[in-house]
Amino acid sequence: MSRRNKIYEGKAKVLFEGPEPGTIIQYFKDDATAFNAQKKGTLAGKGVVNNHISEYIFKSLADIGIPTHFIERTSMREQLVKAVEIIPVEVIVRNIAAGSLSSRLGIEEGTLLPNPLIEFCFKSDELGDPLIAEEHILTFGWATPEELEDITHYALRVNDFMSGLFAGIGIKLVDFKLEFGRLYEGEDEMTVLADEISPDGCRLWDMKTGEKLDKDRFRRDLGGEMEAYKEVARRLGILPNADITEFADHQNKGK
Ligand code: UDP
């Protein structure tokens with residue numbers, strides 16, 4: 001692994017040059033961060049579970065015609081993806097009020113929203129990913145009007161699909177974050193879904209008990225993070241028997 005060219009190391013993933021030009025390997029770490037990395041921890045096996053959950057969701061989205069960067073999972077912690085230029089906007093879709101929406105606007109957590117609400121944040125760790133309007137995106141050229149139209153269209157389709165997927169396994173999809181990229185193929189340029197979709201970037205509540213099955217367990221010191229992530233994977237029919245702690249996070253060894 002050390003002989004590969006590292007392109008970028010983020011909070012939860014490392015990106016390496018892929019085997020072919022225009023490809024990238026996403027390596028899923030066990031590191032967990034919250035509150036713009038002010039809170040840090042390690043959740044043994046998280047990278048393995050998130051790699052598999054994200055694979056499952058990206059493949060399912062491709063099956064319903066949503067273009068994504070995903071090519072294939074290549075190991076327990078890695079997946080091969082197409083290299084894209086990330087659009088510097090985090091796209092948040094909300095079905096139920098929680099988190100920053102509740103604190104910002106005083107809407108009680110758990111309030112069902114009459115329609116899915118899409119919010120945009122400027123991707124900047126330095127600035128703490130501030131909430132922005134569509135007008136900021138267009139004014140500063142972070143995305144073109146056509147890209148913004150694609151992003152909104154795909155975000156709502158992803159929401160419809162994932163709401164149904166999770167409802168089918170007894171989980172409410174409260175909110176989630178998406179990232180999109182520009183894929184260049186010859187003369188063509190298209191908007192594709194990128195990054196990952198996992199309990200790190202979603203709020204997932206058990207329908208019967210209301211139990212949180214996502215990163216809020218880490219953010220709010222509730223404990224049982226890995227049990228919750230594994231429960232999501234188990235209900236999706238992923239990794240039913242694997243002892244994920246066997247697959248050590250070599251990336252972080254010797255740090
Ligand atoms: N989210 C994320 N990365 C971020 C910010 C938010 O994955 O940098 C996800 C978060 O997990 C939640 C949703 O987006 O599912 C909405 O997050 P919110 O704005 O409520 O912020 P938070 O409460 O996480 O600070």
Side-chain angles (χ1 to χ4, degrees), residues 8-13 26 28-41 43 46-47 49-51 53-54 57-58 61 86-113 115-134 136-137 142 151-152 154-156 158-159 161-163 165-167 171-181 193-206 210-222 225-226 228-229 231-232:
Y8 174 79
E9 178 151 8
K11 286 176 283 214
K13 292 191 292 296
Q26 290 199 137
F28 287 71
K29 298 191 284 184
D30 285 345
D31 295 351
T33 62
F35 313 118
N36 201 19
Q38 287 171 43
K39 181 179 163 88
K40 288 184 183 157
L43 302 173
K46 175 173 80 82
V49 176
N50 281 358
N51 185 25
I53 291 178
S54 200
I57 295 176
F58 271 70
L61 291 171
I86 291 288
I87 294 172
V89 173
E90 296 195 338
V91 181
I92 291 170
V93 185
R94 301 180 183 273
N95 299 304
I96 297 172
S100 72
L101 177 71
S102 294
S103 51
R104 207 181 329 118
L105 301 178
I107 314 282
E108 193 184 344
E109 205 160 67
T111 307
L112 186 63
L113 305 178
N115 297 298
L117 175 66
I118 300 190
E119 291 180 336
F120 301 103
C121 295
F122 179 49
K123 244 177 95 67
S124 163
D125 286 341
E126 244 175 38
L127 302 174
D129 298 340
L131 184 70
I132 51 173
E134 288 193 13
H136 293 91
I137 298 176
W142 293 324
I151 287 172
T152 305
Y154 292 142
L156 289 173
V158 171
N159 185 46
F161 175 81
M162 290 216 309
S163 294
L165 173 72
F166 284 113
I171 292 174
K172 277 189 209 172
L173 178 63
V174 174
D175 57 33
F176 59 96
K177 188 257 300 183
L178 299 176
E179 292 189 24
F180 290 87
L193 187 65
D195 193 45
E196 67 173 283
I197 299 179
S198 71
D200 267 4
C202 301
R203 282 197 173 90
L204 303 169
W205 293 353
D206 183 86
E211 194 189 351
K212 296 183 197 311
L213 301 172
D214 54 57
K215 203 162 92 175
D216 270 348
R217 300 208 73 83
F218 175 74
R219 289 191 193 97
R220 303 181 185 191
D221 295 319
L222 299 174
E225 293 92 341
M226 280 321 301
Y229 280 45
E231 177 62 12
V232 173

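Values reported hereafter were calculated over all heavy atoms of this structure, with side chains retained and with hydrogens, waters and symmetry mates removed. In listed order, ligands and their atoms are each counted from 1.
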For Lys40, enumerate each residue passing the salt bridge (charged side-chain N to carboxylate O under 4.0 Å, His left out) test, keeping only those at least two apart in sequence or located in another chain.
none
Between Arg203 and Asp214 (salt bridge meaning N to carboxylate O under 4.0 Å), is one present in this structure?
no
Quick test of your reading of the model: are Lys46 and Glu225 salt-bridged, counting only N-O distances below 4.0 Å?
no
Using a strict cut-off of under 4.0 Å between a residue heavy atom and any atom of ligand 1, list the qualifying protein residues by chain and number.
Glu90, Ile92, Arg94, Ala98, Gly99, Ser100, Asp129, Asp175, Phe176, Lys177, Asp200, Gly201, Cys202, Arg203, Arg219
Take atom NZ in Lys177; do more than 12 heavy atoms of anything else shown fall under 6.0 Å from it?
yes
Could you point out which residue of Asp30, Val232, Asp200 forms a side chain to side chain contact (heavy atoms under 4.5 Å, CB included) with Asn50?
Asp200
Counting distance only, does the side-chain N/O of Asn95 pair as donor-acceptor with the main-chain N or O of Leu173 below 3.5 Å?
yes
